[in-house]
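Here is the structure we will look at, set down as structure tokens.
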Amino acid sequence: AVFWLFVLPGFFIMFYWRQELKFFERLIIGIAVGTSIIGLASYYFGLMGLNMKYQAFILPPVIIVIGLISAMKKKVSSS
């Protein structure tokens, strides 16, 4: 559960810097970034009325997709 909620989203957000950072650096920093982003997003989605039982299924895939899209845009713009 911790891997799904914090590690994967953080790792994919840090995927934007895959050329500058090594794997373990992205993993460790990504855990901290993923934890903070999930916490902030969960808080604000809770204020907007999204029930907590749905957030564990909605937030991680959304953050993973955002991380992949930003990494692809960086790859296209640098080419």
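Along the sequence shown, residues carry numbers from 1.
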Scanning both residues in full, the closest heavy-atom pair of R18 with A71 reads NH1-CB, 3.6 Å
Same cluster or not: I63 versus Y43, using hydrophobic residues (I, L, V, M, F, W, Y) connected whenever any side-chain heavy atoms lie under 4.5 Å apart? no
Report the distance from atom CD1 of I13 to atom CD1 of I66, rounding to the nearest 0.5 Å. 7.5 Å
Please confirm whether the backbone N or O of G39 pairs with a side-chain atom of S42, one donor and one acceptor, at under 3.5 Å? no
Residues at least two apart in sequence or cross-chain that pass ring-ring contact (aromatic ring centres under 6.0 Å, His included) with F11, listed by chain then number, are F23
Rounded at 0.5 Å granularity, tell me how far CZ in F6 sits from OG in S36. 10.0 Å
If you group Ile, Leu, Val, Met, Phe, Trp and Tyr by side-chain heavy-atom gaps below 4.5 Å, do F57 and L8 land in one group? no
Tell me whether I29 shares a hydrophobic cluster with L40, the cluster being built from Ile, Leu, Val, Met, Phe, Trp, Tyr side chains joined at under 4.5 Å. no
What is the distance from atom CD of E20 to atom CZ of R26, rounded to the nearest 0.5 Å? 10.0 Å
Hphob cluster co-occupancy, Y54 + F45, side-chain heavy atoms under 4.5 angstrom: yes
Out of curiosity, does V33 fall in the hydrophobic cluster containing V65 (side-chain heavy atoms, cut-off under 4.5 Å, transitive links)? no
From I69 CD1 over to I64 CD1, what is the distance, rounded to the nearest 0.5 angstrom? 12.0 Å
Spacing of CG belonging to L21 relative to CD1 belonging to I28, to within rounding of 0.5 Å: 12.0 Å
Atom pair CD1/CG of I38 and L59 - distance to nearest 0.5 Å: 5.0 Å
Give a yes or no answer on whether the side chain of W4 reaches the backbone of A56 with a donor-acceptor pair at less than 3.5 Å. yes
